[in-house]
Amino acid sequence: MKTRQRFWGLRLGKQWILVGLLGLSLLTGCATPSQSPYLYTGAGLGAALGAGIGAAANHRNPWKGAAIGALLGGAGGGVAGEVYGRSQTPYQPQQQQGYYQQPQQEYYPPQQGSYQPAPYYGPPPS
């Protein structure tokens, strides 16, 4: 118990410790592999909706309600966006219906002479 009292009794202040922890969490969030864009969209929409509902629900302190609502809404919206993104099938372009002609491959015979390179089947060199 004395160690806890000594720690919080330092002149650093609780605010600086919380700001430091928030900064570290932001840095570690940048180190994670890239997520789907649905996660970011869901988190943003959830945070905005949660902040609005939280501010409207807490009449005594709307800023506190907005902050709590934004945190909860952002977390829930991010999870919902990620689940939605994983349920979507990746985009696959559809083939056009109808007649399709494959390109013709032309054959160029090897040059005559003392040196004969391997046959070349591509377009003629320019």
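Note that these values count all heavy atoms, side chains included, but never hydrogens, waters or copies made by symmetry.
Partners of A43 according to the side-chain contact (heavy atoms from CB on, under 4.5 Å) rule, which considers only residues two or more places apart in sequence or in another chain, do not exist here.
Listed by first and then second residue, the ring-ring contact (aromatic ring centres under 6.0 Å, His included) pairs that reach into residues 64-87 are Y38-Y84, sequence neighbours excluded.
Applying the 4.5 Å side-chain rule to ILVMFWY residues, one finds L49 in the same cluster as I53. Applying the 4.5 Å side-chain rule to ILVMFWY residues, one finds that L71 remains a lone member of its cluster.
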